[in-house]
Amino acid sequence: MTTDLLMALDLLVSVLTAATWVGAGVTAAARRPRTATALFAVALVASLARVWSVLALAGAGWWFVQEKITLALPLLVAASLVATALAGPRLLRAARRADTASRDAVKAPVVVVPLLGAGYAAAAGIVQTFLIGYPADPGTALLLLAVVAGAVLGTWRAMSARVPGLRSATAATVVAAVLGAALVFLPSAPATAEGSAPEGGAAMGAMDMGATDLGAMDMGATDLGAQPVSHGHSASAGSATGGTPRPVTDLRGPATPPPGGAVRHFDLTARMATVTLSSGRKVSAWTFNGQVPGPSLTAEQGDLIEVRLRNADITSGVTLHWHGYDVPSGEDGVPGLTQDAVPPGGEFVYRFVAEQVGTYWYHTHEVSDIGVRMGLYGTLVVTPKGAAPTGLDLTLPVHTLGGVLVTGDRDQSLVKQAAPGTPVRLRLINTDNTPHRFTLAGTPYRLVAVDGTDLNGPGTLAKVGLRLAAGGRYDLAFTMPPDPVVLKIDDRADSVRLVPEGTSPTTAQDASAATESPSTTAAQGDSPTTTQGDSPTTALSAAAGAGAVPAADSQTADWPELDLTRYGTPAPTPYTSRSRFDRDFTLVLDRGLALTNGKPAYAHTVNGLAFPNIPTEVVRDGDLVRLTVVNRGRDTHPWHLHGHRVLVLSRNGHSVTGSPLWLDTFDVRPGEVWEVAFRADNPGLWMNHCHNLSHADLGMMLHLAYQGVTSPFHGAHGG
Ligand code: C2O
Ligand code: CU
């Protein structure tokens, strides 16, 4: 059973447990011994099932059960035993006789209170999992115990005027509550996380769980040796490794390109505008240069990319972040960390060398949840030096704009002609907050690059769904067949339709109409029958081998999802899961009550905390770092580290058996555990966050800082 399923089952069982214990108590109070006994029996079975489900879940890792094993389960077992001992015999006796006397007997507090108490205990476990989650701390545990005890005492008191030992029990409860509250709410020292020693997959104890503030970003020298991290608020100290502290503002790109490179200059002005989609629909958006997506930036490897960002009227400010591009930290566009957000009337010039080849994108990082959703994004494609452009190369950012899915700037099918035999490359970019599923029908193809990095030995694909994480990119390559090729998004209408040049008049008309007068083609462009024409489908299938290539109009919803960890051919990597890691960080993702930006919220949490209270991960230049990301919540979290590509070591304990997988954004689905690694070779201050930007906005982000790098910016946000 998958961890996700086990988590759901455990939740179901815990709800059943709480409901049946409470039901038994209520029906006993209502003098219905038979019903009460039946519910009591179900409650007992449910409680046993809960023990099983928690133990089964423990097999997936301590992170999934920590609070259950340390508090919820012992509490439930103890309360169930008490209820069974006190209420059980009385209920059974009354159920057998069912006369008035026995009916009256079961409404006695000695029966009702323990039954309800077990229900309260079971409910406390659910509350703990949902509101607090991982890790459970002594403070919240005490508070929960106090609430359960208070509820039991209150029930008892309501049922009878004389409760033995009420005074002292109440006093003990109040003491527990006060102590718990003190532990929870008294501020602890600001903290950084230094990462546990190697082999520390579950060694969360090594992380300092105190609160931090942005002052902690000014970490100067913190001796990260075997000592606990010192909590530097001072920007003055020098680095323990001998260097002087470097402000992130010094970590900038060069003013001139490397020899042989050209300067690629772009001007981007952020402003509000109404954009007209291909269907004629108008959407009010936040744009770069009045368009969504913003201008497509392209360069050749070795060029210097220079972008002058201006802000016309976006009052909350803008920046440019180069998603997946490992620029110098001072060019990374994180407000409050690497620069101040550009206010209306302001500007900022970004410069960096186009070292990485591949498909990337850029977006604002200031109030990025709203900013990106409103349209402040565009594509960045870098091609190898001197490579003559051949064939058809389409960059296709997919975005939900004003509630409709747009591919590039179109809210209808994009129809393109290509001569059979033409090499085609489709660059898919997910600029949304949630994953998209792509299918390609009409030709075999290869997934040649992920997140800008070429895969090793990618095999031919057909009839699979490609799930692309929020923020991620897939490059698909194939040779144009003599038949139409259709790309679908989320198994809905065609998004892109490639038609062979000059096959049928209908097709050609359709295609040219789509490009020349977009507003007239809505109906035709979406009709799968128009492009069938007289194309030799069977010939294609035969040529492609074994008829495995689905026709362009095929149903795609039941195509299985490609498992990227098994696709392609293995190749040597600079490090593996057996490497010795200098730093080991574990991020347990969940939901819970936490302060985020000073306000209490039902936040998206990392190790029980929300931004900016999540300890900054501190690394040294040259460190080999392992990140373990665990999702014990119900949402998918596309995890994204700035400034570095990470190598996937394993997912759910299974190592990658296909091509090495270098990603900048990886989807951590409910119940999943990802182990990834990277070399800390890009000094600076970096965001490490969920790329569902509404989750990031609700706390799910933290900083990764190189020792000795300081920030002069004191924004209370990271975008
Ligand atoms: Cu594309 Cu910090 O994000
Ligand atoms: Cu998330």
Side-chain angles (χ1 to χ4, degrees), residues 253 257 261-278 282-314 317-325 327 331-333 339 341-342 344-354 356-366 368 371-383 389 392-402 406-411 414 416 425-432 452 471 473 475 496 515 518:
V263 177
R264 299 274 182 155
H265 182 89
F266 303 94
D267 286 296
L268 299 186
T269 301
R271 63 165 173 268
M272 294 195 226
T274 299
V275 296
T276 307
L277 300 175
S278 60
K282 294 198 187 319
V283 180
S284 63
W286 294 2
T287 72
F288 289 117
N289 298 2
Q291 62 184 83
V292 176
S296 326
L297 311 188
T298 55
E300 279 191 359
Q301 192 176 27
D303 289 349
L304 179 78
I305 296 177
E306 181 182 84
V307 182
R308 180 177 302 270
L309 168 69
R310 293 192 181 85
N311 182 1
D313 57 5
I314 307 293
V318 289
T319 65
L320 288 176
H321 168 63
W322 312 97
H323 185 112
Y325 224 74
V327 300
E331 312 286 354
D332 198 43
Q339 66 172 98
V342 176
E347 67 166 53
F348 191 97
V349 180
Y350 299 86
R351 282 192 195 89
F352 55 93
V353 176
Q356 293 158 268
V357 167
T359 309
Y360 302 89
W361 62 299
Y362 62 87
H363 60 80
T364 184
H365 219 285
E366 173 64 29
S368 57
V372 177
R373 200 181 325 134
M374 291 297 286
L376 288 174
Y377 69 93
T379 63
L380 168 65
V381 171
V382 178
T383 48
L392 183 61
D393 191 327
L394 289 177
T395 303
L396 302 166
V398 170
H399 193 79
T400 305
L401 187 69
V406 293
T407 307
D409 59 354
R410 300 183 59 88
D411 59 342
L414 167 65
K416 283 261 181 198
R425 189 176 188 108
L426 304 180
R427 302 171 185 269
L428 313 177
I429 307 178
N430 183 355
T431 65
D432 271 331
R473 285 90 59 213
D475 288 21
V496 177
T515 30

query = Does Asp432 reach the main-chain N or O of Thr400 with its side chain, forming a donor-acceptor pair under 3.5 Å?
reply = yes
key: Donor-acceptor side-chain pairing of Arg473 and Thr359 below 3.5 angstrom   = no
key: Donor-acceptor pair, side chain of Glu331 and main chain of Trp322, under 3.5 angstrom   = no
ask   = Would you call the rings of His321 and His323 parallel, tilted or perpendicular, where under 30° means parallel and over 60° means perpendicular?
value = perpendicular
ask   = What distance do Glu366 atom CD and Leu320 atom CG have between them, rounded to the nearest 0.5 Å?
value = 12.5 Å
ask   = Would you say the side-chain atoms of Asn289 pair up with the backbone N or O of Gly294, donor to acceptor, closer than 3.5 Å?
value = no
query = Is the side chain of Thr379 donor-acceptor paired with the backbone N or O of Trp361 at a distance under 3.5 Å, no angle test?
reply = no
request  = Output the distance between atom CG (Leu309) and atom CZ (Phe266), rounded to the nearest 0.5 Å.
outcome  = 14.0 Å
key: Heavy-atom pair with the smallest gap, counting every atom of Pro293 and Gly408   = CD-O, 3.2 Å
Considering all heavy atoms, the nearest Leu376-Ala270 contact = CD2-CB, 4.1 Å
key: Beyond-backbone contact of Val283 with Val406, side-chain heavy atoms, under 4.5 angstrom   = no
Donor-acceptor under 3.5 Å (Asp303 side chain, Ala262 main chain) = yes
Heavy-atom closest contact (Tyr325 atom, Val382 atom, distance) = OH-CG2, 3.5 Å
request  = Please answer whether the main-chain N or O of Met272 pairs with a side-chain N or O of Asp313 as donor and acceptor at a distance below 3.5 Å.
outcome  = yes
ask   = What distance separates Glu306 CD from Leu297 CG, expressed to the nearest 0.5 Å?
value = 12.5 Å
key: Polar side-chain atom of Asp411 near backbone of Ser278 as donor-acceptor pair, under 3.5 Å   = yes
inquiry  = Distance check, rounded to the nearest 0.5 Å: Asp393 atom CG versus Thr383 atom OG1?
reply    = 8.5 Å
inquiry  = Let me confirm one number: the CZ-CG distance from Phe352 to Asp332, rounded to the nearest 0.5 Å.
reply    = 10.0 Å
ask   = Val496 versus Lys416: any side-chain heavy-atom pair under 4.5 Å?
value = no
Heavy-atom pair of closest approach, residues Glu347 and Val342 = N-CG1, 3.5 Å
task = Please round to the nearest 0.5 Å and tell me the distance separating atom CG of Leu428 and atom CZ of Arg425.
result = 10.5 Å
task = Taking all heavy atoms of Arg351 and all of Leu304, pick out the closest pair and write down the distance.
result = CD-CD2, 4.1 Å
message = Is the shortest side-chain heavy-atom distance between Pro257 and Val353 below 4.5 Å?
response = no
request  = Please name the pair of heavy atoms, one in Ala285 and one in Val292, separated by the smallest distance, quoted to 0.1 Å.
outcome  = CB-CG2, 3.9 Å
request  = Answer yes or no: is there a side-chain heavy-atom contact under 4.5 Å between Asp409 and Gln291?
outcome  = no
inquiry  = Do Val372 and Thr364 have side chains that approach each other closer than 4.5 Å (heavy atoms only, starting at C-beta)?
reply    = yes
task = Check side-chain contact (heavy atoms from CB on, under 4.5 Å) between Ala312 and all other residues, then give those that pass, not counting sequence neighbours.
result = Thr269, Arg271
ask   = What about the rings of Tyr362 and Tyr360, do their centers lie closer together than 6.0 Å?
value = no
task = Going by the side chain to side chain contact (heavy atoms under 4.5 Å, CB included) test, name the single residue among Val263, Thr298, Leu380, Val327 that passes it with Ile305.
result = Leu380
note = Hits for side-chain contact (heavy atoms from CB on, under 4.5 Å) against Pro344, two or more places apart or cross-chain, chain-then-number order -> Asn311
task = Step by step, work out the side chain to side chain donor-acceptor pair (under 3.5 Å) result for His399 and Thr431.
result = CA-CA 5 Å; His399 193 79; Thr431 65; 2.6 Å; yes
